[in-house]
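What you are looking at is a predicted structure, and each value in this text was computed from that prediction instead of being measured. All heavy atoms count here, side chains included; hydrogens, waters and symmetry mates do not.
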Amino acid sequence: MAQLCRNFRSVAVVRVGEVKFSFNLILPPQTTAGTMLNFPYLRDQAELSVNGGSLSTTWLKDHQALVLSKSRPGFDAATVRAITDILSTIDRGELKEIRYLVYDFAHGGREAPPPAEGFGEMAAENSELIVDTPVITIAWARGLMSGCDFDFAMHCSAIVAEKDAHFSFSGDPADLLGLYAAVGRTLGYVKAERLMESDTTLAADEAHDLLIVRDVVAPQSGLAPIEKYLAQFGRRYNASHAIFRAQRMVQPGVDRRSLAAFARN
């Protein structure tokens with residue numbers, strides 16, 4: 001936690017039109033994640049860099065959305081700790097202004113390495129967030145979604161994919177058990193098994209046809225497409241939250257320990 005606090009005590013960059021203003025955020029040494037993201041004191045589009053710059057957070061005040069942008073594929077230990085802290089803070093009700101938690105997978109076409117310890121618990125907590133809080137989680141896919149990146153995206157309330165995104169089912173079956181279970185809940189386990197056995201890679205439109213992806217949007221750099229999407233999506237926030245919550249409540253969570261034991265046998 002102390003390391004996370006040190007990471008958040010970095011330089012924030014605020015965009016106003018085409019001009020960037022930088023300022024240092026002064027945080028107390030024992031600050032919790034809730035205080036670190038003290039929204040009333042963050043201007044629109046304030047950015048905080050975490051984990052050496054591979055994970056950045058951006059607060060979109062007008063949309064009540066926190067965007068977590070990942071510039072590297074996969075989930076290393078520092079990223080797992082940072083996201084787990086944020087999820088726990090939201091779950092405790094300490095970030096009262098937030099409606100959307102958007103995971104921006106901005107790592108391009110690189111494949112995801114095996115995740116760090118704690119990934120399964122983090123994915124499960126993210127999946128259950130819709131049940132216990134007013135927060136809708138959205139995975140924003142820009143490039144190749146594979147391994148634990150694809151797995152985690154399937155544990156969000158919805159996946160939005162840019163036209164250039166692809167979804168890969170290739171990899172070591174032992175590393176894809178969580179993905180298999182998550183996709184199986186949507187498509188059926190026979191279909192999920194066939195996709196994985198054939199090492200299928202789906203285009204964004206194909207993933208949309210299979211109901212893996214909710215919406216396909218035109219590719220665009222930066223946060224502009226996310227803001228545009230949230231502006232439209234926000235008009236039906238209450239209905240969407242109720243639907244996503246009901247879906248999660250009727251679908252059992254993925255027990256990764258049982259899956260791992262099954263794989264060993």
Side-chain angles (χ1 to χ4, degrees), residues 58 60 62-74 99-112 123 126-127 129-130 135-171 176 178-188 191-192 194-196 198-248 251:
T58 307
L60 302 178
D62 289 346
H63 306 292
Q64 294 178 270
L66 181 64
V67 181
L68 305 183
S69 298
K70 271 183 355 88
S71 61
R72 288 202 296 258
R99 279 190 170 188
Y100 302 99
L101 182 58
V102 183
Y103 297 94
D104 179 14
F105 291 85
H107 56 257
R110 293 172 289 173
E111 292 189 356
N126 183 72
S127 178
L129 202 66
I130 188 70
V135 178
I136 295 174
T137 56
I138 298 175
W140 193 273
R142 296 183 187 263
L144 177 64
M145 300 294 288
S146 65
C148 59
D149 285 328
F150 191 3
D151 185 347
F152 188 82
M154 289 297 299
H155 286 80
C156 292
S157 303
I159 299 176
V160 179
E162 295 189 354
K163 193 80 171 177
D164 296 338
H166 287 79
F167 298 82
S168 172
F169 289 89
S170 63
L176 300 177
L179 176 60
Y180 166 73
V183 173
R185 291 185 306 185
T186 301
L187 304 182
K191 178 66 173 179
R194 289 174 178 170
L195 288 169
M196 292 185 175
S198 59
D199 290 339
T200 300
T201 297
L202 300 174
D205 286 327
E206 293 174 318
H208 178 264
D209 292 341
L210 290 174
L211 304 180
I212 292 173
V213 167
R214 178 184 175 87
D215 291 302
V216 178
V217 299
Q220 188 176 352
S221 61
L223 298 179
I226 296 177
E227 292 188 88
K228 181 179 179 181
Y229 183 83
L230 290 176
Q232 298 172 344
F233 193 81
R235 299 169 190 164
R236 54 184 188 274
Y237 163 80
N238 289 330
S240 295
H241 184 276
I243 291 171
F244 291 143
R245 186 173 186 271
Q247 289 174 343
R248 181 55 60 207
Q251 292 178 336

Kindly say whether Leu144 contributes a backbone atom to a donor-acceptor pair with the side chain of His107 at under 3.5 angstrom? yes

May I ask you to decide if Gly74's main-chain N or O and Asp149's side chain share a donor-acceptor pair within less than 3.5 Å? yes

Do Lys70 and Phe105 come close enough that some side-chain heavy atom pair is under 4.5 Å? yes

I need the minimum non-hydrogen distance between Ala207 and Phe167, along with the two atoms involved. CB-CD1, 3.8 Å

Test salt bridge (charged side-chain N to carboxylate O under 4.0 Å, His left out) applied to Asp209 - qualifying residues, sequence neighbours left out: none

Considering only heavy atoms from C-beta outward, does the side chain of Asp151 approach that of Leu176 to under 4.5 Å? no

Rounded to the nearest 0.5 Å, what separates atom CG in Leu179 from atom NE2 in His155? 9.0 Å

Let me see the working for Gln247 and Phe244 under side chain to side chain contact (heavy atoms under 4.5 Å, CB included), right down to the final yes or no. CA-CA 5 Å; Gln247 289 174 343; Phe244 291 143; 3.5 Å; yes

Using a 4.5 Å cut-off on heavy atoms from C-beta on, say whether the side chain of Tyr180 contacts that of Leu195. no

Has Thr137 got a side-chain atom pairing as donor or acceptor with Ser157's backbone, closer than 3.5 angstrom? yes

So Ile159 and Met145, do their side chains get closer than 4.5 Å, heavy atoms only? no

Where Pro225 and Arg142 come nearest, the two heavy atoms and their spacing: CG-NH1, 4.3 Å

Which atom names give the shortest non-hydrogen contact between Pro73 and Ala112, and what distance separates them? CB-CA, 3.9 Å

Judged by modelled atom types alone, do Ser170 and Asp199 share a side-chain donor-acceptor pair under 3.5 Å? no

Report the C-alpha separation of Ile138 and Ile226 in whole Å, then their side-chain angles, then the decisive distance to 0.1 Å, and conclude whether the side chain to side chain contact (heavy atoms under 4.5 Å, CB included) test is met. CA-CA 10 Å; Ile138 298 175; Ile226 296 177; over 6 Å; no

Tell me, do Ile130 and His241 make a side-chain contact under 4.5 Å, heavy atoms counted? yes

Taking atom CZ of Arg194 as the centre, report whether more than 12 heavy atoms of other residues, nucleotides or ligands fall under 6.0 Å from it. no

Side chains of Met154 and Thr186 in contact at under 4.5 Å (non-hydrogen atoms): yes

Within 6.0 Å of CD in Glu162, more than 12 heavy atoms from elsewhere: yes

Can you measure from CG (Asn238) to CZ (Arg99) and round to the nearest 0.5 angstrom? 6.0 Å

Tell me which pairs pass ring pair (Phe, Tyr, Trp, His ring centres under 6.0 Å) where either residue lies in residues 200-232, with sequence neighbours left out. Trp140-Tyr229, Tyr229-Phe233

Listed by chain and number, what are the side chain to side chain contact (heavy atoms under 4.5 Å, CB included) partners of Lys228, not counting sequence neighbours? Gln232

Apply side chain to side chain contact (heavy atoms under 4.5 Å, CB included) to Phe150 and Ile212, showing your working. CA-CA 10 Å; Phe150 191 3; Ile212 292 173; 4.0 Å; yes

Separation between CG (Asn126) and CZ (Phe152), nearest 0.5 Å, reads 3.5 Å

Between Val102 and Leu60, is any pair of side-chain heavy atoms under 4.5 Å apart? no

Under a 3.5 Å distance rule, please check whether Ser69 uses its side chain to pair with a backbone N or O of Asp104 as donor and acceptor. no

Cys156 and Arg248 have their tightest heavy-atom pair at O-NH2, 4.2 Å

Using the side chain to side chain contact (heavy atoms under 4.5 Å, CB included) rule, take Val216 and Lys163 through it: C-alpha gap first, then chi angles, then the decisive distance, then the call. CA-CA 6 Å; Val216 178; Lys163 193 80 171 177; 4.0 Å; yes

Arg214 and Ser240: which non-hydrogen atoms are nearest, and at how many Å? NH2-OG, 4.3 Å

